[in-house]
Amino acid sequence: MPPVEPQGKLDQFFLLSQDLFCCIDFAGTLLSVNPTFASLLGYQTETLLGRPCGVVVEPRDHPVIEAALASVCRGEKINAFDICALAADGKRVWLEVTASAGEQVIYVIARDISRRKAVEKQLRRNQRLFRIAGETAHIGGWYMDLAVGLPIWSEEVCRLHDMPVGHQPTLQEAIAFYTPNSRPRIQTVFTACCEQGVSFDEELEIITRQGRRRWVRVIGRAVRDSQGHLIQVQGSTQDITERKDTERQLTLLERSVESSTNGVVIVDAQRPDLPMVYVNAAFERITGYSREAVLGRNCRFLQGSDTDPSALVQLRKGIQEQRDVHVVIRNYRRDGAPFWNDLYISPVRDETGVVTHFIGAQNDITAQREYQAQLSHNANHDALTGLPNRLLLDQRLAQGCLLARRYRRYLAVLFVDLDDFKPINDTLGHEVGDYILTEVAKRLEEELRPWDTVARFGGDEFIVLLPDLAQEDDVLQVVERLLARVSAPYWYRDSELRITASIGIATNDGTIKAPRQLIQQADLAMYKAKRRGRNTFQWYTDELNRKVTERVSLRHALQQAIEQGQFELHYQPQIHHSGRVAGIEALIRWYHPERGNIPPGQFISLAEDTGQIIPISEWVLETACRDAVTLNAESSTPITVAINVSPMQFQRPGFLDSVERVLASSGLAPELLELELTEGVLMDSTEHTIRVLQAIRQLGVHIALDDFGTGFSSLSYLKRLPINKLKVDRSFVRDVASDARDAAIVEGVVTMADKLGLEVLVEGVETVEQLRFLRTLQCDHFQGYYFARPMPLNDLTVFLHTPLTFHTEPTA
């Protein structure tokens, strides 16, 4: 077919165009080609004309040509498309093709895009390598266009948060992954980056969707356009949880080990000598070499003459076998300083399984190795005193028991607790307290044998182990020396300080099965020494253990009694000198389902120590006031209910409010409630006590001073106290009819009360002789077994309706 010559205005374009230009008929036959077409593909024009256009197209793209030709023949407009052309020398040339139909021919213009295709291919390869590098080093990337305000996460960032790959959160959702402690910091630095372009590098904690806590290193920086405006924030997120765990183990060291992140290296496995094609910033920081200085070189330049040959063999063998390999190798920084490199290497394979690259993740563990010995020491010793801690103490305690059993010797455990150490810390400061603890530790060590052990058990508590004793009593000499040495003066900045210690002693001949029981036994004995006056020692005994066990059991039972309502109130009448019942005293009773009746003397003091007295006291107050309302509704004369007030209950800030609340809820008239307080309560914090008592009296509630005469009352305070009544303790009444001294005390109290305008109630009246004598003193009220024992509310109701005489013998 003769060539078709372009006509008109197309002639010049056809001949001079730098793009490939040709004309084909509707069957796809080449009619004409321009010089660029022939020169670029290397064909002679004569060899192309008259042949199908597919002769210059790679066979796999023939379907593309055929589909485009069919569309043009149907009169359809087609978009530009890419094909791969075959040059005369076999070289492949990528072309972007556009075509349009004329009257009898199709005009085709093709542009050479081979360079663009090569760039796109290299970009895809680099993206894959960087993605692999991120996964190996647990580093993910993210960015946020400020105009949109939505973060874009990489796959690794999604995995770090336990989110599905491709998840794209809102900014609020991304911030919400951070823990409450970390959230304010990430908000602050991220806002500064978005608004001011301030870069940030933070190590913060997140909680993933699965509830796992992870530490991440978040790096961000701002991106500006050509005018300098902030348009984007981008950065990376790296999982550093493992490093953070290591750092927590080093908290006892004198200074923390510098944190290190993984360095990432990518080498080309298909080029000779495996040159590096990528290193990250962590690699630069670890080695001191810049990226430009290392790219294209083999990693072996980091090695030295003393690098372990076995590690090198293992490394090279793994690379040769194209498998994962992990070695710890000695490398050198740029300045010549050696460092230990914890190196992981993994092969990267293409779609056909061919290894194209190796990725190395390195971690500088030099600091970890250098501090290994110190970490071991700190794990077994107290940071302040340098003494063995509990971990090492357990080991030596077990060894001491083993030696005692093997050689039939004794092991002594001393529990040493400093007396009143807390006030030193509170008043003089922790610096002085630390000085005392350090000095005590030195003195204890100086008084012991080289094979003995002094350990700091916690706070101001020390444990002394004395192994290899011939006799149990041999420990006494040591204990006496320790007490004397600890109590000697301490000089701190020219000031003299004094402190003593209480010591509990437990011994064992090797027969004990659980060595730590010795510490528990010595601890119990130490508390006994505290109760005996301090600055002394006590031995552990089985009886002491029994009492402590009973106390623990009773405390548990007492809590159950509070929760299950096992208490009840009994009431003992208070008799006016005229013979009528003027009041009743509420007395708590506890009947345990299994133990039976438990006297108040056994559990009230325990409740005071544990704080359980508060709910008990509140229950007593509410119940007694409610019962008093019932009794007064059935009585022709007013009956006052007296309630013992616990010191702890009285000293609580809300005590006055609770009294007002109970009076309001029960409907009891305030003048029918009498609160009984002991002298100890009234003498403590006297000014505050007087103010509270005055507020109670303003309510109309009566106040009685219980057990008067048994304490060390101050008469100067007594005249200021707004009280109504004195209760003479039963200890003065027992022999009042036969002992002139008791009689004088009671008479003196009655006379003093009369002068002060106070009523007097005498407790413990049990015989007619006592009553006869007390009536001669003109006492106001009496209470005791002579009249009635404490009784339940129902029995009290019957008692109140029974006539009372003073001439009966005491009841059984």
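Since this is a predicted model, take the numbers as computed values, not measurements.
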Counting only heavy atoms not in [X] (residues, nucleotides, ligands), do more than 12 fall under 6.0 Å from its [atom1]?
{"X": "Glu76", "atom1": "CD", "answer": "yes"}
{"X": "Arg183", "atom1": "CZ", "answer": "yes"}
{"X": "Gln44", "atom1": "CD", "answer": "no"}
{"X": "Arg212", "atom1": "CZ", "answer": "yes"}
{"X": "Asn79", "atom1": "CG", "answer": "no"}
{"X": "Arg323", "atom1": "CZ", "answer": "yes"}
{"X": "Tyr143", "atom1": "OH", "answer": "no"}

Looking only at non-hydrogen atoms, find the nearest pair between [X] and [Y] and report the distance.
{"X": "Asp364", "Y": "Arg333", "value": "OD2-NH2, 3.0 Å"}
{"X": "Ile83", "Y": "Val57", "value": "CD1-CG2, 3.8 Å"}
{"X": "Pro347", "Y": "Asp324", "value": "CD-OD1, 3.1 Å"}
{"X": "Asn280", "Y": "Val264", "value": "OD1-N, 2.9 Å"}
{"X": "Cys53", "Y": "Ile65", "value": "SG-CG2, 3.8 Å"}
{"X": "Ile106", "Y": "Val72", "value": "CD1-CG1, 3.6 Å"}

Check your understanding: Would you call Glu203 and Arg243 a salt bridge, taking side-chain N to carboxylate O under 4.0 Å as the test?
Key -> yes
**Study point:** Salt bridge present between Arg116 and Asp82 (N-O < 4.0 angstrom)
**Key:** yes
As an exercise, state the distance from [atom1] of [X] to [atom2] of [Y], rounded to the nearest 0.5 Å.
{"X": "Glu173", "Y": "His167", "atom1": "CD", "atom2": "NE2", "result": "5.5 Å"}
{"X": "Tyr43", "Y": "Leu86", "atom1": "OH", "atom2": "CG", "result": "6.0 Å"}
{"X": "Leu95", "Y": "Leu40", "atom1": "CG", "atom2": "CG", "result": "7.0 Å"}
{"X": "Glu155", "Y": "Leu160", "atom1": "CD", "atom2": "CG", "result": "12.0 Å"}
{"X": "Leu30", "Y": "Phe37", "atom1": "CG", "atom2": "CZ", "result": "5.5 Å"}
{"X": "Phe301", "Y": "Arg334", "atom1": "CZ", "atom2": "CZ", "result": "10.0 Å"}

Review point. Which of these, Arg221, Arg285, Arg185, Arg217, sits in a salt bridge (Lys or Arg N to Asp or Glu O under 4.0 Å) with Asp201?
Key: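 For Asp201, the salt bridge (Lys or Arg N to Asp or Glu O under 4.0 Å) test succeeds with only one of Arg221, Arg285, Arg185, Arg217, which is Arg217.
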Review point. Can Ser310 and Asp308 be counted as having a side-chain donor-acceptor contact under 3.5 angstrom?
Key: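 Distance-only check passes for Ser310 and Asp308.
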Is a side-chain N or O of [X] found less than 3.5 angstrom from the main chain of [Y], in a donor-acceptor match?
{"X": "Ser182", "Y": "Glu205", "result": "yes"}
{"X": "Arg291", "Y": "Glu284", "result": "no"}
{"X": "Ser39", "Y": "Pro35", "result": "yes"}

Check your understanding: Would you call the rings of Phe190 and Trp142 parallel, tilted or perpendicular, where under 30° means parallel and over 60° means perpendicular?
Key ->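 Rings of Phe190 and Trp142: tilted, 30 to 60°.
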Check your understanding: With side chains defined as the heavy atoms from C-beta onward, is the minimum distance between Glu242 and Asn363 less than 4.5 Å?
Key ->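 Heavy-atom side-chain distance check fails, nothing below 4.5 Å.
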**Study point:** Reference residue Arg456; test side-chain hydrogen bond (donor to acceptor under 3.5 Å, both in side chains); the match among Thr385, Asp382, Asn389
**Key:** Asp382
